[in-house]
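This report refers to the structure that appears directly beneath it.
All chains are named by letter (A, B, ...) in the order of the sequence lines, taking the proteins before the strands, and each is independently numbered beginning at 1.
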2 protein chains.
Amino acid sequence: MGKLREPLRELAECGLPAALEAMGERWSFLILRASFNGLHHFEEFQSELGIARNILASRLAKLVEHGILGRHPMPEDRRKVEYRLTDKGFALLPAMLALRQWGERWETGIPSSPVLVDDRDRKPIRPIEVLAHDGRVLTKNDLMWVLPEDVARDAEAAE
Amino acid sequence: MGKLREPLRELAECGLPAALEAMGERWSFLILRASFNGLHHFEEFQSELGIARNILASRLAKLVEHGILGRHPMPEDRRKVEYRLTDKGFALLPAMLALRQWGERWETGIPSSPVLVDDRDRKPIRPIEVLAHDGRVLTKNDLMWVLPEDVARDAEAAE
DNA sequence: GGGACTAGGTTGCGAATCGATACCTATCAG
DNA sequence: CTGATAGGTATCGATTCGCAACCTAGTCCC
């Protein structure tokens with residue numbers, strides 16, 4: 001990726017700041033992970049994560065506000081509220097996995113548990129990687145940043 | 001992913017907390033993005049991101065300490081220091097892209113710029129997704145969490 | 001060599017955020 | 001009615017953030 005012509009001083013618009021606005025706080029990803037793992041209730045998050053109640057309340061509210069979690073009061077026990085991932089929240093799975101996988105590979109060294117598998121054959125998913133249009137795995141020197149207007153048009157049939 | 005047998009109360013060990021320890025602060029990902037985009041110097045980060053100088057100094061120090069950025073004093077102008085991504089830092093690219101892509105899709109709606117392309121054909125990379133062992137794209141209902149000991153062994157030849 | 005300038009920080013201080021703990025309000029079970 | 005449970009608030013001290021001013025090498029130019 002040294003292939004960049006000029007340093008591209010203008011980082012310009014990018015979804016990253018927006019994503020960080022929703023997910024940037026320290027506990028947000030951990031709450032999300034807990035959601036992915038099937039936890040739904042305030043007390044479950046609290047005791048699993050050991051987070052302070054006021055912080056948890058405020059993070060849950062923020063995640064709900066951003067449409068990442070849905071807040072569903074339970075009709076059969078009106079003390080209870082279920083927090084469940086929305087589609088938008090679910091769409092954070094690749095980001096969460098990529099981060100987790102990085103931590104596993106470069107920080108802890110120990111394989112995470114539980115593991116996400118394809119339920120067809122129960123084999124673990126592939127590591128999250130950067131792939132080319134045609135599926136090749138791309139590494140450092142295969143990559144290049146360009147402005148959208150310089151992107152090769154997709155000639156559908158082309159080869 | 002409702003396929004989970006029991007809610008897996010024990011989230012157990014996972015690389016995520018470790019990753020967040022390194023990258024969990026608000027500016028860390030933005031500094032990283034700037035690095036990916038070819039910025040190398042303190043003043044460049046500062047003026048590009050608009051971050052306070054003391055915060056920038058402390059984030060850079062932390063990223064260096066975690067081995068995500070390397071700090072290289074320049075021999076030909078000894079006032080200057082270059083911060084460059086290490087391999088470990090580079091390995092955060094999928095996480096950064098996944099987050100950015102999520103922000104783009106679910107928050108801003110506008111395509112990010114610059115765009116990362118395969119330098120072979122200049123076509124944009126694929127979106128970051130969860131893939132099965134064999135490359136199929138997996139969605140919500142194809143996924144399942146299991147404990148590592150219950151994972152189907154990789155019979156190499158199998159089908 | 002001397003003065004101006006530049007790169008990369010550090011220091012101080014007020015404002016916002018975090019975290020632990022205690023408390024509150026519905027609801028439910030017996 | 002009584003006690004326990006779920007999901008929060010309120011309070012308060014400890015951190016962290018963000019702005020601005022300042023500092024220190026090293027460089028540039030004459």
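If you find the closest nucleotide of DNA chain D to A57(A) and to E76(B), the one lying nearer the 5' end belongs to A57(A). Comparing R78(A) and N54(B) by the nucleotide of DNA chain C that holds the closest heavy atom to each, the one mapping nearer the 5' end is N54(B).
By the 4.0 Å N-to-carboxylate-O rule, R136(B) lies close enough to D118(A) to be salt-bridged with it. The pair K140(B)-D87(A) meets the salt-bridge criterion, with a side-chain N (NZ, NE, NH1 or NH2) lying under 4.0 Å from an Asp/Glu carboxylate O. By the 4.0 Å N-to-carboxylate-O rule, R53(A) lies close enough to E43(A) to be salt-bridged with it. Using a 4.0 Å cut-off between a side-chain N of Lys or Arg and a carboxylate O of Asp or Glu, K88(B) and E107(A) qualify as a salt bridge.
Within 6.0 Å of the CD atom in E82(A), the count of heavy atoms belonging to other residues, nucleotides or ligands exceeds 12.
Closest approach to the R79(B) side chain among dG8(D), dG26(D), dA6(D) is made by dG26(D) (side chain taken as heavy atoms from C-beta onward).
Along DNA chain C, read 5' to 3', the first and last nucleotides having any atom under 4.0 Å from a heavy atom of chain A are dC18(C) to dC28(C).
Residue-level contact check: Q46(A) touches neither bases nor backbone, having no heavy atom under 4.0 Å from any strand.
One donor-acceptor pair, N or O on each side, does fall under 3.5 Å between the base of dG7(D) and the side chain of R53(A).
Checking the phosphate oxygens (OP1, OP2) of dG8(D), a side-chain nitrogen or oxygen of Y83(A) falls inside 4.0 Å.
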